[in-house]
Student: 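Let me give you the structure first, and then I'll get to my questions.
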Amino acid sequence: MNMFSPDPWRLRSAHAAIHLLPGLTLVATVAMASQFLSDHYGAPAMLMGLLLGIAFNFLSEEGSCVPGIGFAAKQILRIGVALLGLRISVSLFVSLGGGTIILLAFAIAATLLFGVTLAKLLGKNWQIGVLTGAAVGICGASAAMAISAVLPKNEDSERDLLFTVLIVTLLSTLAMIFYPIFAQWLGLDASATSVFLGGTIHDVAQVVGAGFSVSDDVGEAATLVKLIRVTLLAPVVLVISFTSNTFSRHAGENPARQGTIPGFLLAFLILAGANSAGIVPESLSTFGAELSRWALLVGMAAVGMKTSFSQVRDVGGYAITLVAAETVFVAMFILTGMHYSR
């Protein structure tokens with residue numbers, strides 16, 4: 001090989017970077033504008049990032065910005081969540097208490113059971129009930145895609161997954177905007193607000209946005225509560241993978257692969273553990289926390305750009321009914337559980 005010939009790996013990397021640049025430039029600009037509004041007018045930066053992003057939704061549908069927006073909404077956002085581990089300590093985890101973790105586990109199980117039951121009452125298959133129940137109860141679109149991978153396939157599988165992701169994303173965005181107001185109206189304190197937001201909003205991104213729109217402390221705690229829900233995805237996927245064969249033994253449906261714990265969650269736990277053990281220098285922890293904040297803001301702007309309310313018009317009414325009912329159910333379950341656990 002000629003020593004002066006270009007490295008194929010470097011060429012591919014450079015091409016990928018150029019491919020992402022327009023979209024990344026756009027979301028970074030929106031993030032900086034959001035921070036400007038926050039600094040000068042007191043508006044929550046996360047909320048501003050989402051709302052400004054929605055105004056640029058048309059750029060996420062086609063054109064040169066699409067790859068970069070998608071990368072920011074998924075990869076950069078996950079990097080931001082992972083780096084939040086540098087702001088988390090064991091003491092914060094312990095402060096949640098075993099009761100909160102038990103409440104979250106029961107909420108997930110109850111939401112799945114409610115979803116399957118309601119799907120049957122609506123005359124639909126049990127798969128859509130499991131799919132929507134997991135999306136609402138665990139971690140939104142990510143859970144929907146992981147659960148879909150282990151559910152038996154039928155002629156409606158792809159459509160059900162698409163509908164679920166669209167509706168959950170929409171309702172999660174609405175929850176991010178209105179749940180902090182609802183929590184304040186209910187008179188919830190900071191701790192209860194964190195559990196409510198982290199235990200009921202579907203996607204990690206919107207939990208981050210809702211929590212940090214209240215305060216930094218609520219944002220950190222709500223994110224931790226949400227990530228505890230995400231950790232429960234792995235056992236839920238394994239149980240569904242094992243039991244789904246019982247429900248579809250005679251249906252001739254194809255088996256699917258199992259899901260895994262998201263890498264950003266593992267990174268979060270590793271960084272949180274290192275920070276709790278005092279391994280991470282304070283200067284590095286501070287820098288990582290600031291980097292995390294900007295990554296989350298960039299990711300939030302991208303999530304806004306990928307949110308289109310008009311897409312709901314193409315979704316079946318039964319799917320909207322399922323996800324909306326499950327959203328109300330899990331919110332009431334968490335609020336009731338917190339009330340009786342005091």
Side-chain angles (χ1 to χ4, degrees), residues 20 23-39 44-54 60 67-89 92-93 139-143 169 172-173 176 194 197-198 201-231 233 261-275 280 283-307:
L20 297 174
L24 292 179
T25 301
L26 174 64
V27 293
T29 302
V30 171
M32 288 187 287
S34 304
Q35 189 60 52
F36 177 86
L37 292 174
S38 178
D39 292 340
M46 294 288 179
L47 181 57
M48 290 298 98
L50 178 71
L51 296 179
L52 289 177
I54 291 175
S60 71
I69 293 173
F71 181 84
K74 184 176 181 180
Q75 302 301 335
I76 293 182
L77 183 64
R78 291 185 175 188
I79 290 172
V81 173
L83 289 174
L84 272 179
L86 293 172
R87 305 173 66 173
I88 303 298
S89 64
L92 179 59
F93 187 89
C139 54
S142 298
T169 300
S172 191
T173 300
M176 190 198 93
S194 300
L197 298 179
I201 299 179
H202 314 324
D203 285 312
V204 175
Q206 281 80 353
V207 170
V208 171
F212 280 96
S213 71
V214 178
S215 70
D216 286 349
D217 290 341
V218 170
E220 292 172 1
T223 301
L224 180 59
V225 172
K226 177 62 181 177
L227 289 172
I228 292 174
R229 289 169 67 193
V230 176
T231 62
L233 175 61
I261 299 177
F264 74 92
L265 172 62
L266 295 177
F268 172 92
L269 295 174
I270 292 171
L271 291 175
N275 191 50
V280 182
S283 58
L284 181 58
S285 178
T286 302
F287 173 76
E290 183 67 12
L291 183 61
S292 169
R293 188 178 68 83
W294 276 103
L296 291 172
L297 187 54
V298 168
M300 184 60 58
V303 169
M305 292 177 190
K306 290 176 67 67
T307 302

Student: Could you tell me the separation between the OG1 atom of T25 and the CD1 atom of I69, rounded to the nearest 0.5 Å?
Tutor: 11.0 Å

Student: Would you say R229's side chain and C139's backbone share a donor-acceptor pair under 3.5 angstrom?
Tutor: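 Checking the backbone N and O of C139 against the side chain of R229, no donor-acceptor pair under 3.5 Å is found.
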
Student: Quick one: closest heavy-atom pair of V298 and A28, and the distance?
Tutor: CG2-CA, 4.4 Å

Student: Roughly how far, to the nearest 0.5 Å, is OG1 of T173 from CD1 of I201?
Tutor: 10.0 Å

Student: Just verifying a value: how many Å separate L24 CG and T29 OG1, rounded to the nearest 0.5 Å?
Tutor: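 Answer for the CG-OG1 pair, L24 versus T29, is 10.5 Å.
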
Student: Please examine the side chains of F287 and L86, heavy atoms only from C-beta on, and report whether any two atoms are closer than 4.5 Å.
Tutor: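 In short, these two side chains do not touch, never coming nearer than 4.5 Å.
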
Student: Working to the nearest 0.5 angstrom, can you tell me the gap between S213 OG and L197 CG?
Tutor: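 Going from the OG atom of S213 to the CG atom of L197 covers 7.5 Å.
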
Student: Which residues satisfy the side chain to side chain contact (heavy atoms under 4.5 Å, CB included) test with I79, sequence neighbours excluded?
Tutor: L83

Student: Quick one: are V280 and L271 in side-chain contact, heavy atoms under 4.5 Å?
Tutor: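 Result no, sub-4.5 Å side-chain heavy-atom pair not found.
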
Student: Report the distance from atom CG of L77 to atom CZ of F71, rounding to the nearest 0.5 Å.
Tutor: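 Spacing of CG (L77) from CZ (F71) equals 11.5 Å.
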
Student: Return the set of residues passing side-chain hydrogen bond (donor to acceptor under 3.5 Å, both in side chains) with Q75 (not counting sequence neighbours), or none when no residue passes.
Tutor: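 For Q75, no residue satisfies side-chain hydrogen bond (donor to acceptor under 3.5 Å, both in side chains) once neighbours in sequence are set aside.
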
Student: Which atoms form the tightest heavy-atom contact between E220 and F212, and what is the distance?
Tutor: N-CZ, 3.9 Å

Student: Shortest non-hydrogen contact from S194 to A221?
Tutor: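 Nearest heavy atoms, S194 then A221: OG-CB, 3.5 Å.
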
Student: Compare every heavy atom of G53 with every heavy atom of V30, then report the nearest pair and how far apart it is.
Tutor: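 Reported closest heavy-atom pair: CG1-N, 4.1 Å.
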
Student: Which heavy atom of S34 sits nearest a heavy atom of L52, and at what distance?
Tutor: OG-CD1, 3.6 Å

Student: Determine whether M48 and F36 make a side-chain contact, defined as any pair of heavy atoms from C-beta on separated by less than 4.5 Å.
Tutor: no

Student: Which atom names give the shortest non-hydrogen contact between S60 and M305, and what distance separates them?
Tutor: OG-O, 2.7 Å

Student: Do Q206 and K226 come close enough that some side-chain heavy atom pair is under 4.5 Å?
Tutor: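 A side-chain contact under 4.5 Å is absent here.
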
